[in-house]
Asker: 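Take this structure, written in structure tokens, and hold onto it; I'll ask about it next.
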Amino acid sequence: MTTRQPDPAPGAEPERGLVVAVLGKGVDAADELGELRELARTAGVEPVAELVQRRARADARTYVGKGKLGELRTAFESAEADVLLVDDELDPTQQRELENALDARVVDRTQLILDIFAQHARSAEGKLQVELAQLEYNLPRMRGMWQHLERLGGGVGTRGPGETQLETDRRIARRRVALLKRRLRELGKQRGTRRKSRRRTETPTVALAGYTNVGKSTLLNALTDAGVSVNDSLFETLDPTTRGFEHDGRRYLLTDTVGFIRRLPHQLVEGFAATLEETLVADLVLHVADGSAPEERLELQIEAVTGVLHEIGADDVPSELVVNKIDLVDPLGRRRLANRYPAALQISARTGEGLDELRARVADLFSERFDDVRLLVPYADGAALAELYGLGTPISEREDREEGVLVRARLPRREVRRFAPYLVADAQAGLREAKTT
């Protein structure tokens, strides 16, 4: 296991990294390694050289073949690199063999992503989720190198007969994993309570999902004035942010979630289950894609997001594809996108292009859930009027009459029967029609 290094000081020189990958025939090395280089820079490492080996699968022991290992050692020394970045998840044996061969730190793709998540976690829940993912990644890779645990004495209760330091480390790590999972379950219950409160108001919830750095946070800001961070870096958003916006008198809740990526480590999918659950329980998922990306990369990114949504069980939630960053696409590119994704809206969260159409599309998708009704509520039944307002239902008209309060509202369809005693004549006729159809 490679011990975690402290975060670089502000203004410090970035570490120098050599990128290595084993790719099959026909795989575009520039595109494949381009994403790893971007991940590296986000983590504070400057890629200074790269080495690619073409073979069907990685060597089970040394990752690259034995002949390539010597070439890798030479390239690493020539580049004066500090760390080796591997575009795969290594098993413990591969990582150990590479570390021994280079006498240097080796960081695989999963470790790199975990490091970025650790840098960007802000909330208590986000930090717990990252720590859990890191522990579950490191458990099978532990070789007794946890220096802060090596100070443990042999006092009562600290170790059993014949127990090695490695076994002690693993036992403490497993105990910590169990504690983190318990804390995250408690936070999940609190999130569930807040979600139930939103459900009581019948406010439609929309989740933003998409590949990392496609502009989801910018879209959240454009629609809701949320003011969340929109730095141009991968995994800028880890903690879900929910804000509201209104259209035609109706309120909608919009949630920005963690960005996805190809081969998203399963430890993160498990660790961020509570965060990703916001997508699972939404009424609608807006799948945001980067329209400025090359065609092949765009397709791979859409497939990656669809795969993660399937993995967390959210593929049954209604979804709408939204092509963002359209301001960076020329007219020919826009026509190609329209032909390839005819049902998708083309928008620019940065310039505001297409956002009115997006709001209208969201409203239209939820329109069947509501009925326009007129209610006459007697003053003696003021509690019913309070319940109506408690639903968050848009009230387009209100008139205080002698016999009670006359209101025109868009009522959730499943609540119409509940307020049936107060429906005025034209609305009652509509209700009778609904019963007979």
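A quick note: this is a predicted structure, and the numbers were derived from the prediction, not measured.
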Asker: Could you tell me whether K181 and E136 have a side-chain N and a carboxylate O separated by less than 4.0 Å?
Answerer: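 Yes, charged N to carboxylate O under 4.0 Å.
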
Asker: Give a yes or no on whether a salt bridge exists between E38 and R41, defined as a side-chain N under 4.0 angstrom from a carboxylate O.
Answerer: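 So E38 does not pair with R41 through a salt bridge.
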
Asker: For R183, is there an ion pair with E131 - N to carboxylate O distance below 4.0 angstrom?
Answerer: no

Asker: Identify whether the distance between the nearest side-chain nitrogen and carboxylate oxygen of D88 and R109 falls below 4.0 Å.
Answerer: no

Asker: With salt bridge (charged side-chain N to carboxylate O under 4.0 Å, His left out) as the rule and sequence neighbours excluded, what pairs involving residues 345-355 come up?
Answerer: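 Applying salt bridge (charged side-chain N to carboxylate O under 4.0 Å, His left out) to every pair that reaches into residues 345-355, excluding sequence neighbours, yields D327-R350, R334-E353.
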
Asker: More than 12 foreign heavy atoms under 6.0 Å from CZ of R418: is that the case here?
Answerer: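 Counting neighbours around CZ of R418, more than 12 heavy atoms of other residues, nucleotides or ligands fall under 6.0 Å, so yes.
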
Asker: Flag yes if more than 12 heavy atoms outside D103 fall under 6.0 Å of its CG atom; otherwise flag no.
Answerer: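 Atom CG in D103 is not crowded, with 12 or fewer foreign heavy atoms closer than 6.0 Å.
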
Asker: Indicate whether the side chain of Y211 and that of D290 have a donor and an acceptor atom separated by less than 3.5 Å.
Answerer: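 No.
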
Asker: Which of these, V20, V83, L84, sits in a side chain to side chain contact (heavy atoms under 4.5 Å, CB included) with F76?
Answerer: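 Only one of V20, V83, L84 forms a side chain to side chain contact (heavy atoms under 4.5 Å, CB included) with F76, namely L84.
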
Asker: V52 pairs by side chain to side chain contact (heavy atoms under 4.5 Å, CB included) with which of V27, V19, V22, L33?
Answerer: L33

Asker: Show your working on side chain to side chain contact (heavy atoms under 4.5 Å, CB included) between V64 and L51 and close with a plain yes or no.
Answerer: CA-CA 10 Å; V64 295; L51 184 70; 5.7 Å; no

Asker: Taking atom types as modelled, find out whether T241 and D256 have a side-chain donor-acceptor pair closer than 3.5 angstrom.
Answerer: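 There is no such pair between these side chains.
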
Asker: Are the side chain of R359 and the backbone N or O of H247 linked by a donor-acceptor pair below 3.5 Å?
Answerer: no

Asker: Verify whether one side chain among D108 and Y137 offers a donor that lies under 3.5 Å from an acceptor in the other.
Answerer: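 Their side chains do contain a donor-acceptor pair, which is all the 3.5 Å distance test asks for.
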
Asker: Start with the C-alpha distance between E320 and L284, add both sets of side-chain angles, then the distance that settles side chain to side chain contact (heavy atoms under 4.5 Å, CB included), and finish with yes or no.
Answerer: CA-CA 8 Å; E320 286 286 317; L284 173 69; 4.1 Å; yes

Asker: Taking NZ, NE, NH1 and NH2 as the nitrogens, is one of them in D82 or R105 under 4.0 Å from a carboxylate oxygen of the other?
Answerer: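 No.
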
Asker: Using distance alone, with no hydrogens and no angle criterion, decide if N221 and T218 have a side-chain donor and acceptor under 3.5 Å apart.
Answerer: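 No donor-acceptor contact under 3.5 Å links the two side chains.
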
Asker: Got a sec, which pairs hit salt bridge (charged side-chain N to carboxylate O under 4.0 Å, His left out) with one end in residues 336-346, sequence neighbours left out?
Answerer: E295-R340, E299-R340

Asker: So Y252 and F245, would you call those rings parallel, tilted or perpendicular, with 30° and 60° as cut-offs?
Answerer: parallel

Asker: Looking at residues at least two apart in the chain, or sitting in another chain, which of them share a salt bridge (Lys or Arg N to Asp or Glu O under 4.0 Å) with D91?
Answerer: none

